[in-house]
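Notes follow the structure.
Atoms considered below: every heavy atom in the structure, side chains included; atoms not considered: hydrogens, waters and symmetry mates. Along the sequence shown, residues carry numbers from 1.
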Amino acid sequence: MPSASEETIQPKTQDEKQTALLERIQEMQSARTNYGIESHWEYAERAMIPQEFQDTGLRDWQSKNNKAIAFTKVHTALALIIDQNPEAQIFPRSKEWESKVNLIKGVFNYSLDHGDGRMELKKFAFDLFKSGFAVGRTYHRRDERVVKELVVYDPVTNDHQYEERTITDFDDVYWENMDIWNCWFDEQADSKKNMVDWCWRKVYNWETFKLKFPKDKFENLSQVQPGGDTNHRKRNIQQTTSDEKHPQSKEMIEVYFYENKELDQFQVLANGILILDIPLPYKHKQLSCFFAPCWQRATDTIYGIGIPELTKGNTNLLNKIANMTVDQVTLGIYKMLLYGGAEEFSEEELEIEPGRAKKVFDVNNFKWLDTPGAGAEAYKIMEMIMSDIDEETGVTRSLGGRELGKTATEISINREAGLRRMKTPLDSIEDAMEEEGYLRLALIQQVYSQPQRVQKVVEENLINRFLDVVLQRKERLVPEFRTVRLPFEKSESGEITPTEKDNFFEITDDDLRGEYDIKIRPMSTLPVSEELVRQRKLQLFNIIAQAPYTDIYKAEREIVKAFNENPDDWLMGEDQIVAQQQKASESQAMMQQPLPEEGGAPSVIPQEDAAPSQAQMLNGSMLAT
């Protein structure tokens with residue numbers, strides 16, 4: 001019998017569950033609003049869209065240019081991440097699973113590619129650098145729809161006959177990048193490890209909602225009606241933005257999803273009606289979300305600082321000075337004209353304006369108003385502000401393609417310095433990808449181990465016919481698992497090894513059994529200067545070339561690869577080298593034969609058949625003599 005306190009904590013009736021869930025969602029929403037993070041997100045969205053510079057007191061003729069600092073820095077940082085194509089490494093936790101690790105890694109990469117993981121990573125990194133915070137969710141996604149397939153068509157009578165069938169558009173583990181405005185988290189959490197619950201919100205078209213939430217899987221759907229807050233994003237800031245004009249149909253419905261790790265609870269609330277209340281549907285029993293801060297805001301919060309917020313002060317100052325400089329140059333080119341006969345100036349007439357003529361009492365009939373140029377100081381200040389922005393973000397202009405330096409080494413060093421300052425957000429992305437990897441692997445073991453269909457197989461041999469009579473069995477049920485095309489091959493002993501040719505594997509529950517650790521390949525997300533790599537490899541080659549145990553053949557191929565060339569286009573293959581060595585040995589043996597007896601003809605080796613020595617081939621150029 002549960003105690004009275006347990007009955008108080010756990011609501012029993014439908015209304016009590018609905019009320020408790022609504023109150024918890026409102027608590028998380030109010031906590032985030034009170035924290036004030038939404039105002040920073042609002043500014044980041046405005047700063048990312050190129051627009052006019054906003055400042056009070058500007059005249060119509062004054063420059064209102066707004067430098068797209070946030071846009072440039074965010075997309076430069078995004079390109080650095082995506083270009084490296086980060087890769088997960090999987091390690092078995094015990095030796096018994098070591099033979100299966102290659103197959104597990106192949107299925108893992110297949111699942112990630114099948115669900116457009118690279119595209120979701122791009123969205124995740126974009127949110128991270130823009131808002132300072134990014135959220136993802138990994139779950140089993142299954143998209144089905146009923147279609148009518150044409151089975152009979154008579155072109156004479158134009159008669160069509162169809163039959164309904166269900167097709168599956170997608171059925172795999174999926175990484176979905178979440179909209180940070182529509183996600184709320186445990187307000188006490190400062191990391192994923194100690195986060196208890198979270199919820200997310202989606203707005204569906206009414207017809208789509210009825211297809212995604214069928215009556216045989218969800219309760220109380222007869223009470224659900226279209227409605228709720230059907231804006232694309234849930235906001236507590238009362239500001240008019242372009243997002244409020246997000247295109248949508250007339251009949252929409254607001255749906256909340258809630259997960260609680262401690263209570264093992266998954267709930268769905270459709271326009272205020274609780275339609276699902278079950279335990280967490282994942283074997284790993286963890287929250288399905290993962291997130292990352294860009295630069296840490298504080299140690300007691302999960303939210304970080306993004307590039308627009310970080311550069312807000314210097315960007316506004318740079319815009320102001322740049323526009324004032326343009327105004328000064330404009331006045332110097334398009335001068336004002338002063339001429340005689342004016343009475344006292346009004347306040348409006350005292351304003352400077354290019355190309356305008358004003359009357360004065362006597363300035364020798366007329367005079368052009370000379371305006372000094374902007375001067376070198378203005379440009380020095382703007383350069384100083386840009387350097388400060390580079391220093392703040394680590395996304396330096398050298399990373400964006402501008403060559404800052406006189407030599408290749410100096411340029412490479414400048415790039416490396418900028419990359420070191422970006423190490424913190426890059427580490428955050430790697431941590432988030434590791435968390436996603438653990439969720440993905442656990443779901444792969446859960447989803448892929450379920451057979452897709454069960455095939456009936458009739459047994460033909462004598463033993464099975466005897467068993468059929470004794471057990472009154474007519475057929476045997478054989479499960480069919482998922483078949484995946486992977487670049488591996490299985491040996492007779494069952495070992496999985498990589499190969500250049502793809503093969504089809506039926507992934508059974510036994511293949512997926514085991515425990516593994518996941519690690520993002522170290523420094524795989526950190527761009528490296530190609531010129532610096534070439535110089536280091538050349539220096540290393542010069543050091544080890546004369547060492548007695550150096551494989552010169554491999555070393556020379558690595559040098560060619562460093563210059564982004566195919567070694568086979570420049571160097572001989574191993575078969576060619578062996579043939580040349582054999583020919584050289586034969587020639588040397590013929591030269592060492594004793595001279596013929598007196599009167600005999602000497603042996604002559606044709607010049608074109610003379611082969612270079614092994615020392616010439618391995619320790620020097622083939623053209624050297």
Pair L211, R145 - check side chain to side chain contact (heavy atoms under 4.5 Å, CB included), show working. CA-CA 8 Å; L211 292 175; R145 54 194 173 99; over 6 Å; no
Under the side chain to side chain contact (heavy atoms under 4.5 Å, CB included) rule, what do R142 and F170 come out as? Steps first, then yes or no, please. CA-CA 5 Å; R142 184 178 177 88; F170 187 84; over 6 Å; no
As a quick check of understanding, evaluate ring pair (Phe, Tyr, Trp, His ring centres under 6.0 Å) for Y303 and W41, giving each step before the final call. CA-CA 11 Å; Y303 302 113; W41 294 353; 5.8 Å; yes
If you apply the rule ring pair (Phe, Tyr, Trp, His ring centres under 6.0 Å), what do you find for Y139 with Y282, and how did you get there? CA-CA 9 Å; Y139 63 100; Y282 330 110; 8.6 Å; no
Yes or no on side chain to side chain contact (heavy atoms under 4.5 Å, CB included) for H40 and R297, after CA distance, side-chain angles and deciding distance? CA-CA 12 Å; H40 298 300; R297 182 180 298 273; 3.9 Å; yes
Ring pair (Phe, Tyr, Trp, His ring centres under 6.0 Å) between Y174 and H114: does it pass, once the steps are laid out? CA-CA 8 Å; Y174 187 69; H114 188 206; 9.6 Å; no
Is there a side chain to side chain contact (heavy atoms under 4.5 Å, CB included) between L318 and M386 once you walk through the steps? CA-CA 8 Å; L318 181 63; M386 280 301 304; 3.5 Å; yes
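With salt bridges taken as basic N to acidic carboxylate O contacts below 4.0 Å, one links R24 and E187. Ion pairing of K105 with E87 is present here, as a side-chain N (NZ or NE/NH1/NH2) and a carboxylate O approach within less than 4.0 Å. Ionic pairing of K123 and D127 is not present here: no N-O contact between side-chain nitrogen and carboxylate oxygen is shorter than 4.0 angstrom.
Between I275 and A270, the shortest heavy-atom contact is CD1-CB, 4.0 Å. Contact between L78 and A125 at its shortest, heavy atoms only, is CD1-CB, 3.6 Å. Shortest non-hydrogen contact noted between I253 and P226 is CB-CA, 4.3 Å. Closest heavy-atom contact between P279 and K285: CB-NZ, 4.0 Å. Annotation for C294 and F129: closest pair SG-CD2, 3.8 Å, computed over non-hydrogen atoms. Scanning all heavy atoms of the two residues, the minimum distance from F124 to A432 falls at CZ-CB, 3.8 Å.
R201 is not listed as a side-chain neighbour of V255, based on a closest heavy-atom distance of 4.5 Å or more. Using a 4.5 Å heavy-atom cutoff, the side chains of M195 and F291 are in contact. Residues R165 and V146 form no side-chain contact, since every pair of their non-hydrogen atoms from C-beta on lies 4.5 Å or further apart. The shortest side-chain heavy-atom distance between T301 and Y35 falls under the 4.5 Å cut-off. Side-chain contact between Y516 and I104 is present, with heavy atoms from C-beta onward closer than 4.5 Å. At a threshold of 4.5 Å between non-hydrogen side-chain atoms, the residues H232 and V203 do not count as touching. Using a 4.5 Å cut-off on side-chain heavy atoms (C-beta onward), T168 and D143 make no contact. Residues F218 and V224 are not in side-chain contact: their nearest non-hydrogen atoms beyond the backbone lie 4.5 Å or more apart.
Between the side chains of T424 and Q296, no donor-acceptor pair is found at a separation under 3.5 Å. Looking only at atom types and distance, the side chain of Y438 has no donor-acceptor partner in the side chain of E436 under 3.5 Å away. Checked by atom type, the side-chain pair R440/T138 shows no donor-acceptor distance below 3.5 Å. Judged purely by distance below 3.5 Å, without hydrogens or angles, the side chains of N194 and S191 pair a donor atom with an acceptor atom. In this structure, a donor-acceptor pair under 3.5 Å is absent between the side chains of Y43 and E309. In the model, E515 has no side-chain atom that pairs as donor or acceptor with a side-chain atom of W97 under 3.5 Å. One side chain, D172 or Y448, offers a donor N or O that lies under 3.5 Å from an acceptor on the other.
Separating the CZ atom in F563 from the NZ atom in K561 is a distance of 15.0 Å, to the nearest 0.5 Å. Taking NZ of K73 as the start and OG1 of T315 as the end, the distance is 9.5 Å to the nearest 0.5 Å. Rounded to the nearest 0.5 angstrom, L128 CG and N177 CG are separated by 10.0 Å. Distance check: I278 CD1 to Q265 CD gives 10.5 Å after rounding to the nearest 0.5 Å. Here M433 contributes atom CE and L121 contributes atom CG; the two are 5.0 Å apart, rounded to the nearest 0.5 Å. If you take NZ on K67 and OG1 on T311, they are separated by 13.5 Å, rounding to the nearest 0.5 Å.
Remark: side-chain polar atoms of E144 are not paired, donor with acceptor, to backbone N or O of D169 under 3.5 angstrom. Distance alone, capped at 3.5 Å, places no donor-acceptor pair between the Q267 side chain and the Y258 backbone. Put simply, the side chain of S428 gets close to the backbone of P293: a donor and an acceptor are under 3.5 Å apart. Without hydrogens or angle criteria, D186 side chain to V196 main chain gives a donor-acceptor distance under 3.5 Å. A donor-acceptor contact shorter than 3.5 Å links the side chain of D179 to the backbone of W181. Remark: side-chain polar atoms of S111 are not paired, donor with acceptor, to backbone N or O of F108 under 3.5 angstrom. Between the side chain of D264 and the main chain of L280, a donor-acceptor pair closer than 3.5 Å is present. Side-chain atoms of E434 never come within 3.5 Å of backbone atoms of K519 as a donor-acceptor pair (strictly under, hydrogens ignored). In terms of modelled atom types and a separation under 3.5 Å, the side chain of R32 and the main chain of C183 share a donor-acceptor contact. T33 places a side-chain N or O within donor-acceptor distance of the main-chain N or O of Q29, the cut-off being under 3.5 Å.
For NZ of K261, the number of neighbouring non-hydrogen atoms (other residues, nucleotides, ligands) closer than 6.0 Å is greater than 12. No more than 12 heavy-atom neighbours from other residues, nucleotides or ligands sit within 6.0 angstrom of CE on M119.
In this structure, K192 fails the cation-pi test against F290, since its NZ or CZ atom is not both closer than 6.0 Å to the six-membered ring centre and inside 45 degrees of the ring normal.
Below 30°, between 30° and 60°, or above 60°: for F257 and F266 the angle between ring planes is below 30°, a parallel geometry.
The ring of F126 has its center closer than 6.0 angstrom to the ring center of H75.
Evaluated for a side-chain hydrogen bond (donor to acceptor under 3.5 Å, both in side chains) with S288, the options E259, E176, H140 yield exactly one hit, E259.
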